Amino acid sequence: MATAIITGSARGIGAAIALRLAKDGYDIALNDISEGMFENNDIMDKIKAEGVQCEKYIADVSSHADCENLVKAVKERFGSIDVLVNNAGITRDGLMMRMAEDVYDLVISVNQKSVFNMTKFAGAVMMKQKSGRIINLSSVAGLYGNAGQMNYSASKAAIIGMTKTTAKELGSRGITCNAVAPGFIQTPMTDKLTEEQKKAILNMIAMKRYGQVEEIAGVVSFLASKDASYVTGQVIEISGGLSM
Ligand code: NAP
């Protein structure tokens, strides 16, 4: 049985991706930063109900050492790592002129360095297997920038460069690496926006609605599938036509 690791997967887009990959037949390694994220949360039960195995791993993906231990533990438990989804991400928004250095550094560390950490360790396992799929969560903020998100948009733009670099470094070993760039998806992250912000955003979207987490998970499932075997180094925007 093939195995998928999805970082930051206790809730939101990560949980939806984990459930979708379970439906596709993967054993699932869930990850989140604290045990509390899995309390009052039925994601593990939903995944196991699909007839696959599922374990949760508490690790801070901004930590190089945590990621090394996480990958080691998953490899020992499941025997292979076939899909890595670098999903964990945070926002700490504020206008650049008022943004404190530690707030900038934290977002870069969680959103961007985590991709280096996980890709390095899981990529090493995939190189030995001579196969693997790596899917990174970028954002429209990384493609177009967003006022109030200097830190977040920097991290998400960097992920696009990291995706292409990974595709070039690991392609000859049968490993693909692609990114998805969601637009505005209904999650706790977007629930934090003000009504005024939400209205302005809907005006810009051709489909005049937010995306659902399952609509991100579907594209990730495609990128992990055999049908995407010759797709690598690409960024797929999933935004309901935010920008055309
Ligand atoms: P979410 O609901 O906040 O879920 C992210 C999960 O990652 C949370 O459970 C979070 O835990 C966890 N996490 C945070 N820091 C971590 C760390 N250092 N190590 C391990 N886990 C950590 O976010 P989401 O909206 O589903 O977003 C998922 C991904 O999609 C992110 O990369 C985000 O940037 C991207 N994205 C989202 C949207 C959107 O509209 N929602 C749009 C574009 C891109 P805590 O709650 O404890 O922080």
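As the structure is a prediction and not an experimental result, all values here were calculated from the model. All ligand and atom numbering here is 1-based and tracks the order in the structure.
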Undergrad: Output the list of atoms in ligand 1 that are nearer than 4.0 Å to some heavy atom of S139, sorted by atom number.
TA: 43 (C), 44 (C)

Undergrad: Using a strict 4.0 Å cut-off to heavy atoms of I185, name the atoms of ligand 1 that fall inside it.
TA: 39 (C), 40 (O), 41 (N)

Undergrad: So, regarding S138 and ligand 1 (criterion: nitrogen or oxygen to nitrogen or oxygen, under 3.5 Å), is there a contact or not?
TA: no

Undergrad: Answer yes or no: does an N/O atom from I13 fall short of 3.5 Å to an N/O atom of ligand 1?
TA: yes

Undergrad: Under a 4.0 Å N-O cut-off, is there an ion pair linking K198 with E195?
TA: yes

Undergrad: Could you grab the distance from atom CG of L193 to atom OH of Y210, nearest 0.5 Å is fine?
TA: 6.0 Å

Undergrad: I'd like to know if E68 pairs up with K120 as an ion pair, taking the criterion as any Lys NZ or Arg NE/NH1/NH2 lying under 4.0 Å from an Asp or Glu carboxylate oxygen.
TA: no

Undergrad: Considering only heavy atoms of M37, which atoms of ligand 1 have at least one such atom less than 4.0 Å away?
TA: 9 (O), 11 (O), 46 (O), 47 (O)

Undergrad: What closest approach, in Å, do M126 and L84 show between heavy atoms, and which atom pair accounts for it?
TA: CE-N, 3.7 Å

Undergrad: Under a 4.0 angstrom heavy-atom cut-off, which atoms of ligand 1 come close to V110?
TA: 15 (N), 18 (N)

Undergrad: List every atom of ligand 1 that sits less than 4.0 Å from any heavy atom of G12, numbering the atoms from 1 in the order shown and giving each element.
TA: 2 (O), 26 (O)

Undergrad: Apply side chain to side chain contact (heavy atoms under 4.5 Å, CB included) to the pair L30 and I47, showing each step before the final yes or no.
TA: CA-CA 10 Å; L30 294 171; I47 288 170; 3.8 Å; yes

Undergrad: Would you mind running through ligand 1 and noting each atom that sits below 4.0 Å from a heavy atom of Y152?
TA: 33 (C), 34 (O), 35 (C), 36 (N), 43 (C), 44 (C)

Undergrad: List ligand 1 atoms under 4.0 Å from T187, heavy atoms only on the residue side.
TA: 25 (O), 41 (N)

Undergrad: Does ligand 1 come near enough to V61 that some N or O of the ligand is less than 3.5 Å from an N or O of the residue?
TA: yes

Undergrad: Can you list the atoms of ligand 1 that are under 4.0 Å from a heavy atom of A59?
TA: 19 (N), 20 (C)

